[in-house]
Number of protein chains: 2
Amino acid sequence: MNVINTSVRRKELTRLAAQLFVQEGFDRTTVRMLAQEMGIKSGSLFHHFKDKQEILAAVIEEGMQNALTIARQSIEHCSSDPEARLRAMARAHLETLFTDRNAHVVALFEWRRLDPVASAHLSHLRDAYEALWVQVIDDALEAQLIRGDRFLVSRFILGALNWTVRWYDPSGPRTPDDLADELVAMIMAH
Amino acid sequence: MNVINTSVRRKELTRLAAQLFVQEGFDRTTVRMLAQEMGIKSGSLFHHFKDKQEILAAVIEEGMQNALTIARQSIEHCSSDPEARLRAMARAHLETLFTDRNAHVVALFEWRRLDPVASAHLSHLRDAYEALWVQVIDDALEAQLIRGDRFLVSRFILGALNWTVRWYDPSGPRTPDDLADELVAMIMAH
DNA sequence: GTCTATAATCGGATAGAC
DNA sequence: GTCTATCCGATTATAGAC
């Protein structure tokens, strides 16, 4: 019935793949490395996934799905206050990047490696997630919490958040929530 | 005498390599592609560079050198005013990313692909560039132009700027300078 | 400095037995 | 569902002639 294979086994394998993709990058991760991490031989891997591309697509779908779910849950809890919603979105973004870990990072940094068909198939998820952001940003702009062009502001905020992957050390003194709060504080026109 | 080969021929080849590295990514750029772009056969390439790694190091050194030079020139022109200096740094950053193009982008996005020796050898350039930023940010903080932790603020600003590579279209209506100005406006506590 | 030719290795992917 | 064995194209890099 389902076009998409969602068995728990495949989920587990996808999780392991995400880990390697973040560590090494998609291009440098070989099917042999993936298989070893999964405790099987490289030939067996192709019983679960058609090819390497399909693994990437699975990871990225998982990452965007996660990001969407967590973000939606987070802003539900504070539906009225624009400032709380903005902070919640930033926190949710960093939560899926660092707490849940890996899949969302792959979605952000390896999207270009998707073949055109997979990219087209998954773009609605990315669009839905960005729409969530633009909505929250619009509310914040209307409440005069922040200033600027809705499009640019969301790009800048997401850029600042995404780039944390390159420098932030979760084992350091600051929590992801600290980062999110500090970013929001920085741009607020209080 | 010189440890580093700085012939104009090598500079030209480095420029072409940078272009391909941005388009395809370092891992997916083959020496055959590089050679073809340079109008020679792949075997001849190794007369100019010891190996593929050395090409990457050359590109990244060029990119950081460019960024440093342009940034220093830009803030010299406005040595007194903290706001002008901040704006100048942001403009310079986007100028080396989009106007000069390629080499600085490679430095930012492919740094991880450097082998440890090359990375250690080039890190002083990256550190010098970041120090320039922290200095400008410190001045802006002291003048109460912006608020926050000096370390985090510079990371967030650089993240927002770096991520533009992923979405900004230079052939669109906005100039890189527009972007820089809008980012500065967004974070200013006027 | 560039060429041709090729070595040596590694990559994704398949076939067929169990 | 996993294994072994293997195909075969692609990749980095070298050797030696011109």
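Numbered from 1 within each chain, the chains take letters A, B, ... in sequence-line order. A quick note: this is a predicted structure, and the numbers were derived from the prediction, not measured.
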Notebook entry, point to check: First contact, last contact: which nucleotides of DNA chain D are these for chain B, 5' to 3', heavy-atom distance under 4.0 Å?
Noted result: D:dT11 to D:dT14
Under 3.5 Å, side-chain donor or acceptor atoms of residues 34-42 of chain B against the rest of the protein: list the pairs with distances, not counting sequence neighbours.
none

Check: Less than 4.0 Å between a side-chain N and a carboxylate O, is that true for A:E12 and A:R15?
Finding: yes
Next item on the list: Would you list the pairs meeting ring-ring contact (aromatic ring centres under 6.0 Å, His included) in which at least one residue belongs to residues 52-71 of chain B, sequence neighbours left out?
Entry: none
Checklist line | Qualifying side-chain hydrogen bond (donor to acceptor under 3.5 Å, both in side chains) pairs, either residue in residues 105-115 of chain B, two or more places apart | finding: B:D27-B:R113, B:W111-B:S119
Notebook entry, point to check: Hey, which of A:F21, A:Y129, A:F109 is the one that makes ring-ring contact (aromatic ring centres under 6.0 Å, His included) with A:H104?
Noted result: A:Y129
Next item on the list: Using heavy atoms and a sub-4.0 Å distance, could you list which residues of residues 27-36 of chain B are near DNA chain D? By number, please.
Entry: B:T29, B:T30, B:V31, B:R32
Note to self: Tell me if a side-chain donor or acceptor on B:N66 pairs with a main-chain N or O of B:G63 at a distance below 3.5 Å.
What the structure shows: no
Next item on the list: Would you classify A:K52 as touching base, sugar-phosphate or nothing, given that sugar-phosphate means primed atoms plus P, OP1 and OP2, and contacts are heavy atoms under 4.0 Å?
Entry: sugar-phosphate
Notebook entry, point to check: Of A:D51 and B:K41, whose nearest nucleotide on DNA chain C comes first from the 5' end?
Noted result: B:K41
Next item on the list: Measure the distance from CZ on B:F46 to C1' on C:dA8 and round it to the nearest whole Å.
Entry: 13 Å
Item checked: B:R147 side chain vs A:M188 backbone, donor-acceptor pair below 3.5 Å -> yes
Identify each donor-acceptor pair in which a side-chain atom of residues 156-164 of chain B lies under 3.5 Å from a protein atom, sequence neighbours left out, and give them as a table.
residue: B:N162; atom: OD1; partner: B:H93; partner atom: NE2; Å: 2.6
residue: B:N162; atom: ND2; partner: B:L158; partner atom: O; Å: 3.2
residue: B:T164; atom: OG1; partner: B:L161; partner atom: O; Å: 2.5

Next item on the list: Take atom CD of A:E54 and atom P of C:dT14, then tell me their distance rounded to the nearest Å.
Entry: 12 Å
